[in-house]
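What follows is a short report on a single structure.
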Amino acid sequence: MIEKGGYIRDILASTAGAPATAHGWVKTRRDSKGVHFIQLSDGSCFADLQVVIDAGSIPEDILKHVTTGACVRISGDLVESPAAGQNVELRAREIELFGPADSQTYPLQKKGHTMEFLRDIAHLRSRSNTFGAVFRVRNALAYAIHSFFKERGFLYVHTPIITASDCEGAGAMFGVTTLDMQNLPRVKEGERKGQVDYTEDFFGKPAFLTVSGQLNAEIFALAFSNVYTFGPTFRAENSNTPRHLAEFWMIEPEMAFCDLQGDMKLAEAFLKYVIAKVMDECSADLDFFNKRIDNTVLETLENVVNNDFVHVTYTEAVKILEKSGQTWEFPVHFGADLQSEHERYLTEQTFKRPVIVTDYPKEIKAFYMRANDDGKTVRAMDVLAPRIGEIIGGSQREERYDVLLDKIRQQDLNEEAYWWYLELRKYGSAPHAGFGLGFERLMLYLTGMKNIRDVIPFPRTPGSAEF
RNA sequence: UCCCCGUUAGCUCAAUGGCAGAGCGUUCGGCUGUUAACCGAAAUGUUGAUGGUUCGAGCCCAUCACGGGGAGCCA
C-alpha cells in the first residue's frame with residue numbers, strides 16, 4: 001500500500017534532492033537516443049510524474065515492458081527538472097514491473113478518444129486524463145456536500161434503498177423480488193384469483209428500489225430539525241438522454257421550521273459552497289476541463305459563486321416568455337409546465353445564470369407541496385441552470401393535516417398508504433421544507449462534461465448495465 | 001417511447017453503384033532532454049447483422065441491433 005507521503009501528488013510537491021519511490025500506471029513513453037521519458041500516474045492528482053531513464057540503466061528485459069498502460073514501481077532520485085513542464089522529475093535507478101500491458105492491444109492511446117469509445121471501456125477509462133479529473137472532482141464534491149451540512153448542524157440520515165410503500169410517486173420503480181420469475185405463485189381464490197401472490201414474496205408484499213428519500217427524510221426532520229440524505233436513487237423510466245440515469249445519487253435536505261424562502265436560501269448557499277470548495281481543491285482538474293472539455297466552465301462557476309441567484313415566480317417567468325417574441329414549440333401559458341426550451345431561454349438568454357422559479361400552479365406539482373393562499377399555486381421551487389436545466393427541485397411541504405388529506409383525496413391517491421405521512425401532521429407537525437438535487441447533474445455543471453453517463457463510474461441506463 | 005443522424009483498420013474519419021483509403025496508434029529503424037516529441041519505413045479490413053435490388057453494393061431498399069443529438073418523463 002502507498003503510505004501517506006508516497007503518492008505522486010506528494011512526490012511532486014516535495015523538493016528535489018532526495019530518494020523517492022513512485023507506484024503507478026504508465027501513461028505515455030517517449031524515447032530519445034540516450035534517454036527514455038515515462039509519464040507516470042497513480043490517480044492522486046492531475047499531473048503525471050515524469051520519470052527519466054538513462055539508456056542502459058535499466059535491464060532491457062524490464063524496460064521493454066514499460067509501455068503505455070503498464071503498472072510499475074520506480075525507485076530513484078527526485079531531481080530538479082532542467083526542462084519546462086515540471087519542477088521535479090524522478091531519475092530512475094530501479095524499476096519493478098507489476099503488470100505489463102501489451103501495446104498492440106491496449107486500447108488507450110494518448111490522444112483522440114471519444115467519450116463514447118471510453119464508455120465502452122469503462123474498466124480502463126478511469127486511467128485517462130479526463131476520467132481521472134472527473135472522479136477526483138466527484139470525490140471532492142461528495143466530501144464538500146457532507147462538510148456543508150455538517151458545518152450547519154444537519155443530521156445525515158440513511159434512508160432505505162428498498163421500500164415497500166408504493167406512495168413515493170416520483171416515477172416508475174424497479175421491482176425487488178425473490179419470487180421465481182419462471183414460476184410465479186398465484187392467488188388461489190377470491191377477488192384477486194390468478195394474480196401474483198406477493199404474500200409469498202420476501203417482504204410479503206410488492207417491494208421496490210427507492211425513487212426518493214424525501215418522505216423518510218421528513219420523518220427525521222420532524223425529530224432532528226435539520227437532516228439530509230445522500231444516497232443512490234433508482235428510476236425505471238425509459239429515459240434516453242444525456243441527463244438521465246436509471247441509478248443515480250441524490251442529495252435531499254429537509255428542514256423543520258423552514259419555509260420556501262429558507263429553502264431557497266439554503267439551496268443557493270449550498271451550490272455556492274460546494275462549487276467554491278471544489279474550485280479550491282481541484283483547480284488542476286478544473287483547469288483541464290476548461291481547456292479541453294468546455295472553455296466556459298471556470299467563468300460560469302465563478303459567476304455562480306460571486307452573484308446572487310435570480311428569483312422569479314412562475315407567473316413572472318411565463319410573462320417573460322410570452323413577451324420574448326420567440327416562437328415556441330410548446331406554447332407558453334399559465335398552467336402549462338415549463339419545457340426545456342423555456343428553461344433554457346430563461347437561464348441562457350434572459351439571465352445567463354442560475355434562476356430559481358417559484359410558486360408553480362398546483363396542478364403541475366406534487367400533492368405534498370404547501371398550498372399558497374391564492375388557491376392556485378404551491379410553494380415549489382426549481383433551480384434551473386444554463387445547459388443542464390433543472391438541477392434542484394424543492395418545496396415547502398404541506399404541514400396541515402386537513403389540507404394534506406384533501407389533496408390526497410383530490411388526486412385519488414391511496415389514503416391508507418399514507419397513514420404515517422399523515423400522522424406526522426397529526427402529532428407535532430411543523431412547517432418544513434426541503435429539496436432534491438441530482439448529484440450527477442451537479443457534476444455536469446462543475447465539469448462541463450456533456451453526458452451524465454460520463455460523470456458516474458459505471459452508468460446504468462435503459463438497455464445497459466455493463467461493468 | 002417519438003423525431004433526426006450515424007455504424008468502414010485498434011482509434012478518428014474519407015471513399016460518383018465499378019481496385020478498400022488517410023491521419024493517429026502499433027511494429028521496425030533513426031534522432032544528444034522529451035512534454036499530444038520529431039524523421040523514415042512496414043504491418044493492419046467478415047465495411048454492425050440479416051434479407052433484398054443489381055452484371056456488380058461500403059454506397060440503393062427493408063428489418064433488426066448498437067451509438068449520438070433533440071423531445072417527453074425527471075434529478
Side-chain angles (χ1 to χ4, degrees), chain A residues 27-39 47-55 64 67-69 79-86 89 91 101-121 124 128-129 169-172 211-214 230 232-252 291-292 328-330 337-344 364-366 382-385 388-394 435-445 450-456 461-464 466:
Chain A
K27 204 168 264 176
T28 71
R29 169 173 169 175
R30 297 177 294 276
D31 294 311
S32 194
K33 181 156 191 181
V35 64
H36 311 276
F37 296 95
I38 308 287
Q39 297 299 126
D48 303 320
L49 175 65
Q50 173 159 285
V51 178
V52 186
I53 303 166
D54 286 322
K64 73 180 178 192
T67 56
T68 302
V79 299
E80 279 183 39
S81 179
Q86 58 282 317
E89 61 191 23
R91 186 164 281 273
D102 183 358
S103 51
Q104 301 235 30
T105 55
Y106 186 67
L108 277 179
Q109 301 169 11
K110 72 181 69 172
K111 59 186 172 183
H113 290 310
T114 58
M115 295 301 161
E116 293 77 25
F117 173 68
L118 290 168
R119 206 177 295 146
D120 288 339
I121 50 165
L124 298 172
S128 68
N129 285 334
V211 292
S212 166
Q214 180 198 316
F230 183 3
T233 309
F234 307 88
R235 302 279 167 88
E237 302 286 353
N238 191 6
S239 299
N240 294 285
T241 83
R243 303 179 305 283
H244 290 86
L245 291 164
E247 176 184 289
F248 63 100
W249 289 63
M250 191 153 66
I251 297 106
E252 295 174 291
K291 191 172 157 198
R292 289 291 177 89
W328 305 110
E329 189 187 339
F330 296 91
D337 208 353
L338 298 181
Q339 303 294 316
S340 285
E341 56 174 344
H342 308 139
E343 296 180 354
R344 295 188 75 133
I364 59 175
K365 288 293 180 185
D382 283 355
V383 181
L384 310 178
I388 314 297
E390 185 179 340
I391 198 166
I392 287 180
F435 61 78
L437 172 133
F439 185 59
E440 286 78 14
R441 292 216 176 147
L442 186 52
M443 279 293 296
L444 289 178
Y445 197 61
K450 300 292 181 292
N451 194 312
I452 202 163
R453 297 163 196 203
D454 299 326
V455 295
I456 189 168
T461 53
S464 175
E466 294 304 305

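If you take OH of A:Tyr106 and C1' of B:G10, they are 13 Å apart, rounded to a whole angstrom. When the P atom of B:A75 is taken as reference, atom CG of A:Leu338 falls 14 Å away, rounded to whole Å. Atom CD1 of A:Ile121 is separated from atom C1' of B:G67 by 15 Å (rounded to the nearest Å). Atom NZ in A:Lys291 sits about 10 Å away from atom C1' in B:A36, given to the nearest Å. A:Asn451 has its CG atom 13 Å from the C1' atom of B:G70, to the nearest Å. As rounded to whole Å, 12 Å separates atom C1' of B:G29 from atom NZ of A:Lys33. The distance between atom CG of A:Asp31 and atom C1' of B:U32, rounded to the nearest whole Å, is 14 Å. Straight-line distance from the NE2 atom of A:His113 to the C1' atom of B:C13: 15 Å, rounded to whole Å.
Using a 4.0 Å heavy-atom criterion, one finds that A:Thr68 contacts no nucleic acid atom at all. When heavy atoms are screened at a 4.0 angstrom cut-off, A:Leu245 is found touching base atoms of the nucleic acid. Among the heavy atoms of the strands, none lies under 4.0 Å from A:Glu440. Among the protein residues, A:Thr233 comes within range of no part of the nucleic acid, since none of its heavy atoms lies under 4.0 Å from any strand. Counting any heavy atom pair closer than 4.0 Å across all strands shown, A:Ser239 reaches a base atom.
On the C1' atoms, B:C13 is 12 Å away from B:U7, given to the nearest whole Å. Comparing the same atom, P, in B:A9 and in B:C5 gives a spacing of 23 Å after rounding to whole Å. Nucleotides B:U1 and B:C64 have their P atoms positioned 11 Å apart, rounded to a whole Å. Going from the C1' atom of B:C19 to that of B:C3 covers 40 Å, rounded to whole Å. Using C1' as the reference atom, B:G72 and B:U35 are 48 Å apart when rounded to the nearest Å. Rounded to the nearest Å, the gap between the C1' atom of B:A14 and that of B:G40 is 25 Å. As rounded to the nearest Å, B:A49 and B:A22 have C1' atoms that lie 27 Å from one another. Rounded to whole Å, the P atom of B:C24 lies 8 Å from the corresponding atom of B:C38.
When each of B:U12, B:U1, B:C11 is scored by its nearest atom to the side-chain atoms of A:Asn238, the top-ranked nucleotide is B:U1. Among the nucleotides B:C74, B:U27, B:U34, the one closest to the side chain of A:Arg441 is B:C74. Ranking B:C73, B:U34, B:C31 by closeness to the A:Glu237 side chain, first place goes to B:C73. In this structure, the nucleotide among B:U12, B:U34, B:U26 sitting nearest to the side chain of A:Ser81 is B:U34. Listed nucleotides B:G69, B:C11, B:C73 differ in distance to A:Pro242; the shortest reach to its side chain belongs to B:G69. Closest to the side chain of A:Glu89, from the set B:U12, B:G67, B:U34, is B:U34. With B:U34, B:G72, B:U26 as the choices, the nucleotide that has an atom nearest any side-chain atom of A:Gln339 turns out to be B:G72. Each of B:A36, B:U1, B:U34 was ranked by its minimum atom distance to the side chain of A:Asn240; first place goes to B:U1. Of the listed nucleotides (B:C74, B:C11, B:A71), B:C11 has the atom at the smallest distance from the side chain of A:Phe117. In this structure, the nucleotide among B:U35, B:C11, B:U1 sitting nearest to the side chain of A:Gln109 is B:C11.
Across all strands shown, B:A42 forms a Watson-Crick or G-U wobble pair, both distances under 3.5 Å, with B:U26. Using N1 to N3 plus N6-O4 or O6-N4 for Watson-Crick, or N1-O2 and O6-N3 for G-U wobble, each under 3.5 Å, B:A62 pairs with B:U50. Checking B:G18 for Watson-Crick or G-U wobble geometry (two distances, each under 3.5 Å) identifies B:C55 as its partner.
Within 6.0 Å of CD on A:Glu80 lie no more than 12 heavy atoms contributed by other residues, nucleotides or ligands.
Where A:His244 and A:Arg29 meet RNA chain B, the nucleotide closest to each residue was compared, and A:Arg29 sits on the side nearer the 5' end. Nearest-nucleotide positions on RNA chain B for A:Pro107 and A:Gly34 put A:Pro107 closer to the 5' end.
Across A:Arg29, A:Lys27, A:Arg30, a single residue satisfies side chain to side chain donor-acceptor pair (under 3.5 Å) together with A:Gln39, and that is A:Arg30.
Stacking between A:Phe439 and the base of B:A75 is absent under the criterion of ring centres within 5.5 Å and planes under 30 degrees.
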